[in-house]
Amino acid sequence: MFDIPLSALEVAMVQTGARAVDTLRDTAAFAQGMERLGYHRIWYAEHHHSPAIGAFPPVVLTAHAAASTSLIRLGSGGVLAPNHAPLMLAEQFGTLAALHPDRIDLGIGRGPGTFDESIARALRRGAGPTTDAEYEDDVSATLSFLVDEVALGPLPEPWLLASSPAGATLAARLGLPVAVAHHIRPDNTQVVLERYRAEFTPSRWCERPRVLLCVEAVCAETAEEAAWRIGPMDVVKAGLLKGLSEIPFPTPAEAAAHPFTEEERRALAGFRAQQAVGTPETVIHRLTELIDKTRADELMLTTPVYDLGDRIRSYELIKKYSGATAAS
């Protein structure tokens, strides 16, 4: 049991045999389900050129979900600063915050959102990877524009996404709350947190270090059912281990028949051991361990399973057995 807020990361997986528009339509139902269950916030991730993940702009999904709900916080987790002009980001999220006061978050990240270099360059109008200094300039400019140029009234709550010590250092220097991508690079989590807390400087945005930990979590009534539901994501991850980024999101039955190599099985098992997959007892125990180890202020769960009903059921079970703080 734990008593900190629970939130959700919506990755918008596009199932094999479905259309991206079907996934898009599900986002409103998912947001309404999370609000009904008492989750604190939902963030939308920026991805491009993937058959398994919809290329839906976080600002658009945030606006759509905000119009379909009334209480839950919504925002980007993250919008990728190198792909956007800082003033445009400030205008977009400043407008959302004015339309939906005290409900909008601006989570900012650095990656390109794609494994395809040509797509990354297209997003950046031919520019190459951003440098540390350029990224810091983009984040700082976005925050400044929010205050000095947009100034529509209520501001979105800014967060910086981090999966490396460099990201932790920037979040600490700017005095921003940090969202740690444990679901992507779990081996970096402890060093990211140590760096962030050691170097944090208070700011107008945040008076003390504030940590959101994002964890992959799939919960079902039985361990076998949880393994069945996480199977499709295992196939996608196995493809990434081979450097294959254009892997569709298969059905659970297709995933169960997938010929994983022993090396892939070991790698997937190692990753899963650092996340939270299984029965309610197993998942709550694992999440409690992570909270105790990281001293996180909030947990954000990402649940990449095939069926919308199964996905919402996973969040429902975790909320029911966790004792997590209700959304306010």
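Heavy atoms only: backbone and side chains are in, while hydrogens, waters and symmetry mates are out.
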* Asked: Are Leu106 and Leu146 close enough that some pair of their side-chain heavy atoms sits under 4.5 Å apart?
  -> yes

* Report the residue from Asp307, Asp234, Asp310 that forms a salt bridge (charged side-chain N to carboxylate O under 4.0 Å, His left out) with Arg229. => Asp310

* **salt_bridge(Arg313, Glu316) N-O dist < 4.0 Å** => yes

* **Reported OG1-to-CD distance for the pair Thr27 and Gln32, which is rounded to 0.5 angstrom** => 9.5 Å

* To do: Kindly assign one of parallel, tilted or perpendicular to the pair Tyr315 and Phe30, based on the angle between their ring planes and the thresholds 30° and 60°.
  => perpendicular

* Asked: What about Ile318 and Leu213, same hydrophobic cluster or not, with Ile/Leu/Val/Met/Phe/Trp/Tyr joined at side-chain heavy-atom distances under 4.5 Å?
  -> yes

* To do: Identify the heavy atoms of Asp3 and Gly323 that sit nearest to each other, and give their distance.
  => OD1-O, 3.5 Å

* Linking I/L/V/M/F/W/Y whenever any side-chain heavy atoms sit under 4.5 Å apart, do Leu9 and Ile230 land together? -> yes

* Asked: Under 4.0 Å between a Lys/Arg side-chain N and an Asp/Glu carboxylate O for Asp105 and Arg73?
  -> yes

* Do the non-hydrogen side-chain atoms of Tyr44 and Leu74 ever get within less than 4.5 Å of each other? -> yes

* Look up atom CD1 in Ile42 and atom CD in Glu10, then write down how far apart they are to the nearest 0.5 Å. => 7.5 Å

* To do: Could you list the residues that satisfy salt bridge (charged side-chain N to carboxylate O under 4.0 Å, His left out) with Glu289, not counting sequence neighbours?
  => Arg286

* Look up atom CZ in Arg110 and atom OH in Tyr135, then write down how far apart they are to the nearest 0.5 Å. => 7.5 Å

* Report whether Ile104 and Leu87 are members of the same hydrophobic cluster (ILVMFWY, side-chain heavy atoms less than 4.5 Å apart, transitive linking). => no

* **Hydrophobic cluster identity match, Val59 and Leu89, side-chain contacts under 4.5 Å** => yes

* For the side chain of Glu225 and the backbone of Thr222, is there at least one donor-acceptor N/O pair under 3.5 Å apart? -> no

* Structure fact -> One should read off an interatomic distance between Arg41 CZ and Met300 CE, to the nearest 0.5 angstrom, of 6.0 Å

* Asked: Are side-chain heavy atoms of Phe2 and Leu299 found at a separation under 4.5 Å?
  -> yes

* Verify whether one side chain among Thr169 and Arg195 offers a donor that lies under 3.5 Å from an acceptor in the other. => yes

* Whether Asn188 side chain and Ser163 backbone form a donor-acceptor pair below 3.5 Å -> yes

* May I ask whether Leu160 and Leu80 are part of the same hydrophobic cluster, defined by side-chain heavy atoms of I, L, V, M, F, W, Y residues being less than 4.5 angstrom apart, directly or through others? => no

* Within 6.0 Å of CG in Asp148, more than 12 heavy atoms from elsewhere -> yes

* Is the number of heavy atoms from other residues, nucleotides or ligands under 6.0 Å of Phe271 CZ greater than 12? -> yes

* Asked: Counting only heavy atoms not in His258, do more than 12 fall under 6.0 Å of its NE2?
  -> yes

* Asked: Ignoring hydrogens and geometry, is there a side-chain-to-backbone donor-acceptor pair from Ser140 to Asp137 under 3.5 Å?
  -> no

* Which atom of Thr279 lies closest to which atom of Ala223, heavy atoms considered -> CG2-N, 3.5 Å

* Evaluate the side-chain proximity of Met233 to Tyr306: yes if any heavy-atom separation is below 4.5 Å, no if none is. => no

* Does CZ in Arg185 sit with more than 12 non-hydrogen atoms of other residues, nucleotides or ligands closer than 6.0 Å? -> no

* Taking all non-hydrogen atoms of both residues into account, name the closest pair between Ala29 and Ile312 and its distance. => O-CD1, 4.2 Å

* Asked: Just checking, is any N or O donor in the side chain of Glu46 or Ser76 under 3.5 Å from an acceptor N or O on the other one?
  -> no

* To do: Would you give the length of the straight line joining atom CD of Glu281 to atom CG of Leu317, rounded to the nearest 0.5 angstrom?
  => 13.5 Å

* To do: Measure across Ala256 and Trp228 and return the closest heavy-atom pair with its distance rounded to 0.1 Å.
  => CB-CZ3, 3.8 Å

* Pairwise distance OG1(Thr261) to CG(Leu241) - rounded to 0.5 angstrom -> 8.5 Å

* To do: Provide the closest heavy-atom pair for Met13 versus Pro304 in the form atom of the first, atom of the second, distance.
  => CG-CB, 4.3 Å

